[in-house]
There are 2 protein chains.
Amino acid sequence: MTGGAEARDDAIFKRSSCPITNGLNIFGDKWTLLVIRDLMLGKCRYADFISSPENIASNILADRLKRLEAAGLVSRQAYQQKPVRYEYVLTEKGNDLKPILEAISRWGRRHCPGTDVFRPVDRFKLR
Amino acid sequence: MTGGAEARDDAIFKRSSCPITNGLNIFGDKWTLLVIRDLMLGKCRYADFISSPENIASNILADRLKRLEAAGLVSRQAYQQKPVRYEYVLTEKGNDLKPILEAISRWGRRHCPGTDVFRPVDRFKLR
DNA sequence: CAGTATCCATTTTGATACTG
DNA sequence: CAGTATCAAAATGGATACTG
């Protein structure tokens with residue numbers, strides 16, 4: 001274990017009366033929102049996330065996916081048996097993060113010149 | 001030094017073509033957006049931030065304020081001399097983070113029952 | 001491929017003490 | 001009050017190796 005998801009489930013579920021604090025307890029770290037971004041861009045398999053330009057380490061990715069599942073933002077579905085393999089999809093709770101990502105993207109576009117447009121796929125158009 | 005602002009100025013100014021990555025390089029950590037939230041709630045002095053319920057450590061706060069200033073989201077103005085003391089205010093670039101905080105707040109209100117409303121003060125009504 | 005596990009270096013934090 | 005300094009502990013990160 002990398003001091004991973006299990007060790008910090010308490011952090012995920014910690015409760016404050018501030019909605020921002022609660023949100024950040026779940027996704028306020030360096031990697032989680034990038035994984036969410038990838039999910040919104042239509043990525044759903046391990047290798048998809050690994051191949052993103054930010055170069056997330058495999059152990060960190062595994063940890064974040066577990067945590068996101070524990071927090072109910074992501075669910076996984078087996079797409080093959082023997083060996084069983086999963087793909088990851090946003091739940092409604094996870095999909096509701098879209099306005100946040102869009103707001104971040106808009107800020108980045110305005111204040112960090114030369115950045116691209118963020119075009120989340122409509123998950124209900126997928127598959 | 002705590003491996004503080006100076007040591008990571010490169011992280012703040014690191015550039016990606018993804019606007020989300022760029023944004024998160026600046027404010028995608030555990031504490032920065034909470035300081036921003038406080039600023040939007042009208043807090044502007046050291047003791048104000050320290051008194052927030054999340055209990056930020058004084059060294060972390062000092063580091064984040066420096067970083068935010070280096071990134072151009074916050075500026076500080078002396079409100080007294082001998083000893084000189086500063087209060088911190090959001091720049092326009094910092095104030096543009098408001099839609100992000102509002103989106104996070106909306107998500108938190110929806111998915112973390114029992115949380116309060118986030119009511120940023122209009123900074124142009126201040127003083 | 002899709003993970004899991006491990007090792008180890010670097011970062012980040014948290015607590016506390018100290019200064020003008 | 002408004003910070004700065006120090007330091008140990010914890011978290012995080014990156015590289016790499018291993019498994020079915």
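Every chain is numbered from 1, with letters handed out A, B, ... down the list of sequences. Just so you know, these numbers use all the heavy atoms, side chains as well, and skip hydrogens, waters and symmetry mates. Keep in mind that this is a model prediction, so the values were computed, not measured.
A sub-4.0 Å separation between OP1 or OP2 of dA2(C) and a side-chain N or O of R76(A) is absent. Within the structure, a side-chain polar atom (N or O) of K66(B) is placed less than 4.0 Å from OP1 or OP2 of dT4(D). Residue Y46(B) places no side-chain N or O under 4.0 Å from the OP1 or OP2 atom of dT4(D). Residue Y79(A) places at least one side-chain N or O closer than 4.0 Å to OP1 or OP2 of dA2(C). Note on K82(B): every side-chain N or O is 4.0 Å or more away from OP1 and OP2 of dC1(D). Note on R64(B): every side-chain N or O is 4.0 Å or more away from OP1 and OP2 of dG3(D).
If you check every strand for non-hydrogen atoms under 4.0 Å, Y88(A) touches sugar and phosphate atoms only.
Across all strands shown, the partner of dG20(D) is dC1(C), judged by Watson-Crick or G-U wobble contacts whose two distances both fall under 3.5 Å.
Of the candidate nucleotides dT4(C), dA17(C), dA2(C), dA2(C) has the atom lying nearest to any side-chain atom of R45(A).
As a whole-Å value, the separation of I12(B) CD1 from dT11(C) P is 15 Å.
With hydrogens and angles left out, the side-chain atoms of D38(A) and S52(A) include a donor and acceptor closer than 3.5 Å.
Between K30(A) and R85(A), the residue anchored nearer the 5' end of DNA chain D, judged by the nucleotide with its closest heavy atom, is K30(A).
Residues R64(A) and D29(A) are in side-chain contact: their nearest non-hydrogen atoms beyond the backbone lie under 4.5 Å apart. Residues L41(B) and V121(B) form no side-chain contact, since every pair of their non-hydrogen atoms from C-beta on lies 4.5 Å or further apart.
If you check distances only, the side chain of N59(B) does reach the base of dT6(D) with a donor-acceptor pair under 3.5 Å.
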